[in-house]
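Heads up, the thing below is written out as structure tokens.
We use all heavy atoms of the structure for the numbers below, so side chains are in, but hydrogens, waters and symmetry mates are not. Just so it is clear, the model here is predicted, and its values are computed rather than measured.
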Amino acid sequence: MDAAERGSDSAGVPVDRTAASRLGVTFARAALRPINAGARLVGTLTYAEPRQQYVNARVMGWVEQLYADYTGMRIGKGEPLLALYAPELMSAQEEYLSARRLGDSALTDAAKRRLRLWDIPDDQIQLLERSGQAQRTLLLRSPMSGEIAEKMVTQGQAVQPGQSLFLIADRSILWVDLSVFESDAYMLRVGSRVQVQVDGVRPDYEGKVA
């Protein structure tokens with residue numbers, strides 16, 4: 001084939017079918033069809049962020065009894081995590097009892113609000129009213145059902161206001177943090193279905209990109 005037949009603007013090398021066959025080149029008719037692309041990615045299982053909650057100390061005190069004493073422990077909503085001794089809470093309870101004995105409704109309501117701001121549950125306030133005696137410790141209860149994902153406190157430890165004591169997490173829904181190569185990122189869309197394989201666990205799990 002001469003240059004005129006190839007076209008003056010062609011930079012290709014002409015190869016006939018016989019020569020192409022010797023080179024291992026095959027031919028097929030072009031057609032439109034879906035491409036089933038996929039990729040294997042490595043990831044890490046983690047708790048879903050919306051299903052986690054920290055438990056913090058509201059007052060300074062000491063841990064007298066630790067009920068949730070190991071990481072991974074199952075805990076139900078409202079179950080005790082620890083008993084905290086705090087002098088400020090003792091004083092607040094005494095103020096509430098004094099206001100009730102005086103019959104001053106305004107002082108009583110203010111003292112009761114103060115107790116609730118410190119997360120003293122209603123059942124302990126009712127016990128305080130029935131017994132007429134300040135309780136030495138405050139029970140901190142779990143705000144949700146789940147497991148102890150992190151435990152940042154030990155028996156007898158002193159705690160400060162705002163200090164994180166526990167992280168409670170629900171494992172009924174887990175997230176998988178994936179490491180994605182840039183060349184594979186185009187295949188991922190919000191809502192895309194994925195199949196998750198966990199070493200040592202069968203069967204596989206179905207999920208979706210969020």
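Hydrophobic clustering of Ile, Leu, Val, Met, Phe, Trp and Tyr side chains at less than 4.5 Å, counting indirect connections, unites Val209 with Tyr47. Leu165 and Val59 fall within a single hydrophobic cluster, where Ile, Leu, Val, Met, Phe, Trp and Tyr side chains are chained together by heavy-atom contacts under 4.5 Å. Put simply, Ile125 and Met90 are part of two different groups of oily side chains (I, L, V, M, F, W, Y) that touch within less than 4.5 Å, one to the next.
Residue Ser131 holds its OG atom at 8.5 Å from CD of Gln93, rounded to the nearest 0.5 Å. Note: Trp175 CH2 to Arg51 CZ = 10.5 Å, rounded to the nearest 0.5 Å. How far CD1 of Ile120 is from CZ of Arg114: 9.5 Å, rounded to the nearest 0.5 Å. Going from atom CG of Leu174 over to atom OH of Tyr205 covers 8.5 Å, rounded to the nearest 0.5 Å. Note that CE of Met73 and OG of Ser142 are 10.0 Å apart. Values are rounded to the nearest 0.5 Å. Once rounded to the nearest 0.5 Å, the distance linking CG of Leu138 with CG of Leu82 reads 8.5 Å.
Residues Thr46 and Asp177 have side chains that never bring a donor and an acceptor to within less than 3.5 angstrom of each other. With 3.5 Å as the limit, one finds a donor-acceptor pair spanning the side chains of Glu129 and Tyr96.
Members clustered with Leu139: Tyr67, by chain and number, using a 4.5 Å side-chain heavy-atom cutoff among hydrophobic residues. Taking Ile, Leu, Val, Met, Phe, Trp and Tyr as hydrophobic and joining them when side-chain heavy atoms fall under 4.5 Å apart, one finds Met152 in a cluster with Tyr54, Leu167.
Electrostatic pairing of Asp170 and Lys77 does not count as a salt bridge here, judged by no charged N lying under 4.0 Å from a carboxylate O. Ionic pairing of Asp122 and Arg116 is present here: one or more N-O contacts between side-chain nitrogen and carboxylate oxygen are shorter than 4.0 angstrom. In summary, Glu147 and Arg171 engage in a salt bridge, as defined by a charged side-chain N under 4.0 Å from a carboxylate O.
Closest non-hydrogen pair, Glu88 versus Met60, comes out as OE1-N, 4.1 Å.
With hydrogens and angles disregarded, a donor-acceptor distance shorter than 3.5 Å links the side chain of Gln155 to the backbone of Glu64.
Tyr85 is listed as a side-chain neighbour of Arg136, based on a closest heavy-atom distance under 4.5 Å.
The 12-atom threshold is exceeded at CD of Gln195, counting heavy atoms of other residues, nucleotides or ligands nearer than 6.0 Å.
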